[in-house]
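Side chains are part of it too, since the values below use all heavy atoms of this structure and drop only hydrogens, waters and symmetry mates. None of these values were measured; they are calculated from a predicted model.
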Amino acid sequence: MKKRYTVFFAWLFLLYSNGVLHFLQGFLLIRREVHLKSTAFDGVSCCLDPKYRQVIILLIDALRYDFLAYNDSTSDGAIYQNNLPVVHKLLKDDHGVLYQFVADPPTSTMQRLKGITTGSLPTFIDVGSNFASDELIEDNLLSQITSSGLNVTFMGDDTWMGLFPNSFHRSYPFPSFDVWDINTVDRGVEGHLVSEILKPDWNLLIAHCLGVDHTGHRYGPEHPVMPRKLKEMNSLIEKIVRNMNSQTLLLVMGDHGMTRTGDHGGDSPDEINAGLFAYSPGWNIKFNDSKTQVVSQVDLVPTLSILLGIPIPYSNLGSVILDFVFPEQLLQEIHTSEKDNLAIALSYFSDALYINAKQIWRYLETYRRESPFPEAEYQQLSSKFTHVSDLFKGQKIEGCFQNCSSDSSCCPNHEKLKEFITTAQTFLSEAKEICRSMWARFDVISIIVGLAIFTSSLLLNATMLIDCESTSMKPVSYIGVAGAFFSLLLQRLHIMVILGLSLAPVLIYLTMAMRVMRFKGFHLISLVPFFLAVSYTSNSFVVEEPYVVHFLAQTLIWLPLFFKRKTGQLIIRSGLSLSVRLGLAFFRCREEQFPVCEAHSLHRSLTSLSGSNWMLYQRMSLAFVSCIVLYLLLTRYLQVDQKIGYLFAIVWCHWIVQSACFLLGGDTAALTFLPKVFYSVFVLKLARDIYQFVIDNEHAKVSNYRRKTSDMVILLSTLAVLLAGDGLAPGIILTLVSIVLFSQLFAEASSSEEMWPLYGILSLHGFFASGHHTSLASIPWESAFVGFSHANSQGGLANVLPTFFVSYSTAFSMLLHAMAVPIAALSTTTVRKNKESRMRLANGWLYILFFHAVRLFGCMGAAALHRRHLMVWKIFAPRLLYELLFAVCSSIGIIASLFLFQATM
């Protein structure tokens, strides 16, 4: 491979990386989870005596503040206003208080539930110290309640069951994904709510209704259906109020708001301003109209913790709502003197605020030890907390509330108490704002810059793909590599400098290339990646993508036969079509597709299966037959090193041991021993092949390069087979079969430009045919522990190998297809000249890179466009991350093939 090709590929990789990194810096919101649990600390009590015996949370999804607030104007009132008259009535009776409940973006339901229960500022990427599922591992309100011996009852949106699977004493979940269904969840809640309230064995009751949110998504907030749905919620609140006792607190709240179109997910005022109404029939929670009642959603967590007498969750960043935790009526029950009441209230506030401040400072210290934290801001907070602690300890405020309740004269001076309260509140507010500035903000400028650089990369790639011989221009290429490198390295420079370093060489190159470029014939098949890129703007397409990809693959296999009839091609195309069709059996169901699509036993581990043993024998037989078919096919079409058979033998023995353990109900050390033997043999074989490739290559011929590439592809595939398990091994082997058959089809093709789109689609089909899906729930975490125990894979460098296993098991199809380009491009025996070989390989690698880059650009654009969409953090952002992984693995495969060709040829 000529040096200019290597330079050009380096320029492309640097530009693509530059664009992606700038985009991700603006789009992804990152926070590292701290998996510690709050208890007593430093001799300070972790909690106060409980004030309520029971708390009811009625969570009305997307309940905007102006849905709750009463509008006295009769002329300009919106259709969605004044449909909750029970709230206005209770406020007039001084039994309730209304707050503007401000959410932190992203305003999607799952992230808001995390914020409401942990008190933290959740983001899309919550990096944990282990491989976590959808379950919320971070310390939260529900885990503290259950560990304190209290009970939680739940009904409504089934998202809670994924986040808190073991936290409920009783639960009544209902499906939530269908946003056009505005009644099912609400009817389910209504059917169970009153009967559950009347039961005495619960301390926290959560009812999550979805009708308002789904009405917004389907019709918008100003549609006539919205008032009807809000009136249903009004009726539900009335039922709750009628059945509450004097020791119960009711909280009616929204997790976020909605835009004028009914969407949410971003940070516009309509999206973040939810409503919070608190009511208790026994206590007089006086509402002061002269004050603006605005609280953050994270403030609910420490407030409820104080009221229920439980520790505040470890990662909480909220502040106790003071007039919430000490109602005015409680003061009158203890003393009649206004001066005594003030002393008791101030001393109680001081105790609550110090517990709150101590908990937040402990969290910040822990977070700083594990993750980057701005030094200046940390020192600022440290100084303020030291001042808070000195005031508290110097005045001996701790525990004075209990003493004041019996003798108010023993309380500290009122002015000193007020000084401490003001100082503590300032510290709490600044800590929250500093963390919010780090974790919860879209940077639109970075998003635009990333998309601009990525677009220039696509144009550069397309130019070279059209004519890679006439567009040389070495000086510009070298300048482009240097500019992209420094742009990537010095990302803190001014944005115009970054754009200049990245885009200027590209524009010069494109201007010069247009003069000498020789355009080839255009094929409509080349538009396939663009069709996929545009389609990623639809969440329904992302959900059904495996079947769309299967349809495209079958179409591209058979479409050329309508124009060129060849008997040999008919046989090969039939075999390729059959292998693609069989891959359907291993497609995985997304949770959004249930119950129409049912999960197949092939996607489950043996330990999770139950029933008769026929399922076990079926899986083992299928895996064995597929291995035999692969072996026969490889010996027929490829010259493969026979020693690779030893690796398949180790894998097969490992599956047999797994089956024996399953049948006997026991365990054995061989479950980890055999995979470790495999890894050892794998590394030795890989090292030997690389040595022969680079050092000991006696015959620098195209045929030798292709044969050794085949060895490496089969070697890497055995690792994927081991990590996937016997259930999905046939799907992986079908992917290899498709590569082999495609190489035979490519040899007889008259135009390679027509074939590469099919090859790209086959790489994507291989991902789905090996039991994967582009959702976070389908990440193959079990691959991380093949040959290792969970206890040996925790923390630090121990996570490197499991991370590699999970990543490789997920995106192996893209890596193998990129590595296997020489198998297809150099399949004809007539190719002998290095120039022709270089051209075929360059076109193949350029198209594979272009294919994945176009789709990645589509995912980036969809994520940016839908950053306020209902499904952005559930569908669009995960699809973007998967596509990014695909692009990285494809690039690694191209770089490896390019390096080996450079070393051998």
Side-chain angles (χ1 to χ4, degrees), residues 1-23 448-489 491 496-520 522 526-530 533 753 756-757 760 818 821 838-839 841-861 883-884 886-888 890-895 897-898:
M1 189 67 65
K2 290 184 178 180
K3 185 181 293 185
R4 69 182 180 91
Y5 287 117
T6 305
V7 173
F8 192 85
F9 275 108
W11 189 10
L12 276 179
F13 289 136
L14 287 172
L15 270 180
Y16 280 133
S17 301
N18 207 348
V20 168
L21 287 179
H22 275 91
F23 178 86
I448 295 174
V449 169
L451 291 175
I453 296 175
F454 204 91
T455 302
S456 69
S457 309
L458 287 174
L459 294 175
L460 188 64
N461 196 338
T463 302
M464 193 65 175
L465 189 60
I466 292 172
D467 187 357
C468 60
E469 282 296 309
S470 303
T471 55
S472 177
M473 292 168 282
K474 288 184 180 180
V476 181
S477 300
Y478 285 116
I479 295 173
V481 170
F485 176 76
F486 285 111
S487 175
L488 188 63
L489 187 65
Q491 294 191 34
M496 297 307 297
V497 177
I498 296 293
L499 288 174
L501 290 173
S502 301
L503 301 185
V506 176
L507 295 177
I508 295 173
Y509 186 94
L510 293 177
T511 302
M512 298 173 64
M514 293 297 292
R515 300 177 180 179
V516 297
M517 188 183 303
R518 296 173 300 183
F519 289 93
K520 304 175 184 178
F522 176 75
S526 302
L527 297 178
V528 168
F530 293 96
E753 287 77 11
W756 289 124
V821 166
R838 286 196 300 267
M839 288 295 297
L841 284 172
N843 284 330
W845 287 329
L846 282 170
Y847 188 85
I848 292 301
L849 184 62
F850 185 72
F851 180 84
H852 289 288
V854 169
R855 290 170 43 248
L856 177 58
F857 180 78
C859 291
M860 292 166 61
E883 196 59 50
L884 180 59
F886 298 162
V888 169
S890 298
S891 301
I892 292 174
I894 293 173
I895 292 171
S897 293
L898 181 63

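For the atom pair OG (Ser890) and CD (Glu883), the distance works out to 8.0 Å, reported to the nearest 0.5 Å. Rounded to the nearest 0.5 angstrom, Ile894 CD1 and Leu841 CG are separated by 11.0 Å.
Taking each heavy atom of Ser502 and Pro505 in turn, the nearest pair found is O-CD, 3.9 Å. Residues Asn18 and Ser487 come closest through the heavy atom pair ND2-OG, 2.5 Å. Nearest heavy-atom pair across Phe850 and Leu458 is CE1-O, 3.7 Å. Heavy-atom minimum distance, Trp11 versus Ala484: CD1-CB, 4.3 Å. In terms of heavy atoms, Val506 sits closest to Leu15 at CG2-CD1, 3.5 Å.
Among Leu856, Val854, Leu849, Ile848, the single residue meeting the side-chain contact (heavy atoms from CB on, under 4.5 Å) criterion with His852 is Ile848. The one candidate from Leu460, Ile453, Asn461, Leu21 that meets the side-chain contact (heavy atoms from CB on, under 4.5 Å) condition with Tyr16 is Asn461.
The number of heavy-atom neighbours closer than 6.0 Å to CZ of Phe485, taken from other residues, nucleotides and ligands shown, is 12 or below.
The closest side-chain heavy-atom distance from Leu846 to Leu12 is below 4.5 Å. Side chains of Tyr847 and Pro529 form a contact here, defined as non-hydrogen atoms less than 4.5 Å apart.
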From CA spacing to verdict: side-chain contact (heavy atoms from CB on, under 4.5 Å), Trp845, Phe9: CA-CA 9 Å; Trp845 287 329; Phe9 275 108; 3.7 Å; yes
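Aromatic ring orientation, Tyr509 versus Phe8: tilted (interplanar angle from 30° to 60°).
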